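The next block holds one structure in the form of structure tokens; read it before the comments.
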Amino acid sequence: MIRFGPAGNSDSFYEQGYNSSVQMPGWLKSMGLSAYEYQCGKGVKIKEPTARQMGEQAAVHDIFLSIHAPYYINLASEEREKREKSKGYIIQTLAAAAWMGAKRITVHPGSYGKVDKRWALDTAVQVLGEVLAEADAAGYSDIAICPETLGKINQLGSLEEVLELCKIDERLIPTIDFGHLHVRGLGCLNSAADFEAVFDKIEKVLGSYRLKHLHCHFSRIEFTSAGEKKHWTLDDVQFGPNFEPLAEVLYKRAMEPVIICESRDCMAEDALELKHIYEKEAGG
Ligand SMILES: [Zn+2]
């Protein structure tokens, strides 16, 4: 099945008097959503009892859990020490995922810095391989690491680069952030054919199973010539991409991705709107 949910907690969650992410699975279920990406972008600070409680709630309410790993991970840093630390942050995120019963973690590959793009990708491939070996040794083999396509032109994270990273092991599932792809391409995703081309590329490199079960992020994003500037909401229609042509292709190809909405402030409400757009496509 296709699943929709938010990245983190909407403002309305707190405005309604809730205060703990443990309450999120029940809250999302009552809205009609079925996925939740817990945010560890600023560090993995969640404690084991909280993570376990959240996992229990997610199981009760059939919410698919994933975790966003820290933003400062850089698998392609020129400094060995920073690469080693980045490996540690991924393992920490996997540990939290194991407590929660989360099956996926989203990871930003890093940035080019002053190094050559090819060196950056080769280094990230090697470091990711080392992370997989450490994850196996620690007992986290069943949690998928999902390298994400990134929106800034100086970041390691084009579609082609993410596919190269995912090629090294079958358990790596790409996080396709359509907002990021759109802004990195300076507004390149507009028609159903544009989205089809993305899916064709993924299928060619990673095969049909991983294409069908993609991890996806979606939001409208403002951009400059350097790529990503700011996330907006679905109502901010002056910024792309539009979800309608993507929904058309998702339905046509009978895909079963997890779609995480990264709209600012109202991500849960917008995730529900994405679901409605998809259902309209499926019904019509
Ligand atoms: Zn991300």
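Counting convention: from 1, in listed order, for ligands and their atoms alike. Reckoned from all heavy atoms, side chains included, excluding hydrogens, waters and symmetry mates. Because the structure is a prediction, the values reported are computed rather than measured.
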Without placing hydrogens or testing angles, list every side-chain donor-acceptor pair under 3.5 Å for residues 199-209, not counting sequence neighbours.
unit_1 : atom_1 : unit_2 : atom_2 : d
Asp200 : OD1    : Arg253 : NH1    : 3.4
Asp200 : OD1    : Arg253 : NH2    : 2.5
Lys201 : NZ     : Glu160 : OE2    : 2.8

Q | Co-members of Ile221 in a cluster of I, L, V, M, F, W and Y side chains, linked at under 4.5 Å | A | Ile153, Val183, Leu186, Phe223
Using 2.8 Å as a strict upper limit, say whether an N, O or S atom of [X] approaches the Zn ion (ligand 1) that closely.
X: Asp177; value: no
X: His180; value: no
X: His217; value: no

**Q.** the Zn ion (ligand 1) - name of the N/O/S atom of Glu148 that sits closest to it
**A.** OE1
(Q) With carbon and hydrogen excluded and only N/O/S kept, which atom of His108 is nearest the Zn ion (ligand 1)? (A) NE2
(Q) Between Asp169 and Arg171, does the salt bridge (charged side-chain N to carboxylate O under 4.0 Å, His left out) criterion hold? Intermediate values first, please. (A) CA-CA 6 Å; Asp169 191 288; Arg171 88 187 84 167; 3.1 Å; yes
Q | Heavy atoms of other groups near Glu170 CD, more than 12 under 6.0 Å | A | no
Q. Are Phe195 and Phe178 near enough that their ring centres are under 6.0 Å apart?
A. yes
